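Structure record follows, encoded as structure tokens.
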Protein chains: 2
Amino acid sequence: MFATEREYQFRPSNVTPFAAATTPTLASVFRNQPTEVVQAGGALFWEGDPAKHLFEVVDGVLRIFRIIGDGRRVITGFLFPGDLVGISMKDRYLYGAEAVTVTKVRRFARSSFQEKMNQHPELRPKLFARLCDEMAAAQDQMALLARKTAEERLCSFLLLLARRTEDASKSTPTVELPMTRQDIADYLGLTVETVSRNVTKLTARGMIVPKGRHGYQFKTERLALLAGDEDADNNGCDDRDIGCQRFGRTLA
Amino acid sequence: MFATEREYQFRPSNVTPFAAATTPTLASVFRNQPTEVVQAGGALFWEGDPAKHLFEVVDGVLRIFRIIGDGRRVITGFLFPGDLVGISMKDRYLYGAEAVTVTKVRRFARSSFQEKMNQHPELRPKLFARLCDEMAAAQDQMALLARKTAEERLCSFLLLLARRTEDASKSTPTVELPMTRQDIADYLGLTVETVSRNVTKLTARGMIVPKGRHGYQFKTERLALLAGDEDADNNGCDDRDIGCQRFGRTLA
DNA sequence: CGAGCAGTTGAACAACCTCAAAAACGGTGG
DNA sequence: CCACCGTTTTTGAGGTTGTTCAACTGCTCG
């Protein structure tokens with residue numbers, strides 16, 4: 001589909017450096033599976049396929065999507081290294097999964113995953129917590145789609161990506177956008193044109209600065225003011241914990 | 001808040017008559033807790049409250065909502081008898097829960113819920129399945145908000161409600177709308193006016209027929225054609241299983 | 001009865017979409 | 001290395017859907 005192979009570096013979602021060394025993680029269940037490579041644009045599975053496997057994203061970026069009437073596409077999430085795809089109790093996938101970039105995944109039969117989880121009951125709360133994070137992400141997204149303006153949506157999205165990059169702690173991280181404008185549009189419930197225009201606008205205002213092919217340097221504090229999550233006159237410092245990642249889709 | 005007490009009858013979500021008699025259900029964990037009554041408009045908890053309890057809706061309807069910048073409200077779900085509220089691994093609720101109608105709930109301390117689940121491990125997959133259903137519902141909602149027109153949103157919503165009524169199997173069930181137009185608008189990402197106009201339009205076209213104060217009789221097949229889930233020229237008969245309810249919010 | 005709120009209706013407006021075309025990539029092959 | 005081709009992105013002009021603002025109706029319940 002694409003011949004392009006883009007550069008990107010996102011860090012695994014739930015693998016904090018120290019915890020990884022001491023306690024078994026969900027990823028460890030997949031550790032000894034061989035990795036498979038999916039070319040950019042290639043499909044891992046389609047909506048409606050028998051849901052026989054789970055996958056762990058090892059490297060790259062996936063998009064999770066649905067098609068509704070008249071071929072309208074909705075991207076319900078992007079998946080990054082460390083994320084799981086295909087967890088469910090349904091016998092068919094409820095969405096399709098495609099590679100945005102060249103992607104490495106580890107495959108696991110659903111039955112053996114169940115087994116592994118029974119052998120390691122200490123992983124259960126971790127899986128549970130992940131579903132909860134994902135539910136929280138889904139609710140954020142509903143709020144975004146229901147009530148935010150195009151500009152707010154874009155800023156929220158950029159900040160979400162920023163949290164996944166190597167230097168997420170920096171106030172002006174450089175972030176790669178491996179997905180197309182069309183992907184972003186389908187994720188934010190907008191058109192390509194609207195996304196493009198707003199990227200241009202943010203660039204013109206200096207909130208983001210182009211860095212290389214698909215990269216931008218973000219002014220995260222200024223973007224946060226435009227993301228529409230707080231009152232305009234509130235400088236964003238409230239006491240709630242928002243430490244968790246809120247991005248991936250894990251369920252099928 | 002409201003003095004109004006509206007009539008409604010929705011059936012419990014995951015309690016199929018037969019299964020309830022034979023196997024222990026999630027609801028059975030709550031069975032012996034005393035029920036509390038929340039007046040219409042009253043709050044069960046607010047976003048940001050310490051998440052000390054879970055609740056089971058016994059009777060009535062709850063709305064789950066968030067407030068984003070500038071006071072914009074987003075209703076992320078309505079909860080009906082049998083649904084659970086407040087399940088999470090976070091120590092604070094990520095949303096508020098208010099009673100749409102007078103509502104009966106059973107309260108459970110989070111720790112004792114954990115205990116109960118450990119005592120009855122056979123309930124674990126049921127809880128898990130519920131989270132999966134909820135995730136599926138969230139994805140439906142994202143698709144609705146991202147890509148559907150006002151009319152499609154309203155029809156989708158009405159059909160969702162229809163599935164919860166006593167006579168859901170009938171092709172022209174009579175359904176109560178216990179929530180206000182504002183609630184519906186905040187759930188569908190629209191304004192009150194747009195909801196009102198579209199209700200009027202559907203009524204004029206005879207797709208829904210007013211029945212009493214807050215009730216309507218639905219022509220479900222005709223509504224389904226307008227819900228935007230299938231291609232316009234496809235009469236809605238595809239092979240995927242869509243039997244599950246997809247409505248409630250359980251997580252906090 | 002009348003105050004207050006939910007709901008409806010109308011007219012003007014704005015944000016976003018659609019359609020169209022040009023520009024910029026990114027890769028390919030001479 | 002450069003010319004070419006398909007794709008992605010940007011830009012522009014005009015149209016539509018849904019919003020905003022405002023007035024009005026009709027309940028319900030003191």
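Note that the structure is predicted; figures quoted are calculated from it, not measured. Below, chains carry the letters A, B, ... as their sequence lines are ordered, and counting in each starts from 1.
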Donor-acceptor contact below 3.5 Å, side chain A:T203 vs main chain A:V199 = yes
Return the value, rounded to whole Å, for the distance between atom CG of A:D186 and atom P of D:dT9.
-> 12 Å
Hey, can you tell me if A:F78 and A:F157 have their rings parallel, tilted or perpendicular (30° and 60° cut-offs)?
-> tilted
Rounded off to whole Å, could you give me the CG-to-C1' distance for the B:D70 and D:dT20 pair?
-> 16 Å
Quick tally for nucleotides 8-21 of chain C: nucleotides whose base has a protein heavy atom under 4.0 Å get B, sugar-phosphate-only ones S, the rest -, giving BBBB----SSBB--
Roughly, in whole Å, what's the span from CG in B:D183 to P in C:dG7?
-> 9 Å
State whether the side chain of B:R147 and the backbone N or O of A:R73 hold a donor-acceptor pair below 3.5 Å, judged by distance alone.
-> yes
Is the shortest side-chain N to carboxylate O distance from B:R66 to B:E47 below 4.0 Å?
-> no
salt_bridge(B:R72, A:E152) N-O dist < 4.0 Å | yes
Ion pair A:R164/A:D83, N-O distance below 4.0 Å = yes
Phosphate oxygens OP1/OP2 of D:dT9: is one of them under 4.0 Å from a side-chain N or O of A:H214?
-> no
Where along residues 204-213 of chain A does a heavy atom fall under 4.0 Å from DNA chain D?
-> none
Are A:R106 and A:E36 within salt-bridge range, i.e. N to O under 4.0 Å?
-> no
Heavy atoms only: give me the nearest B:G41-B:R63 pair and the separation to one decimal.
-> CA-NH2, 4.3 Å
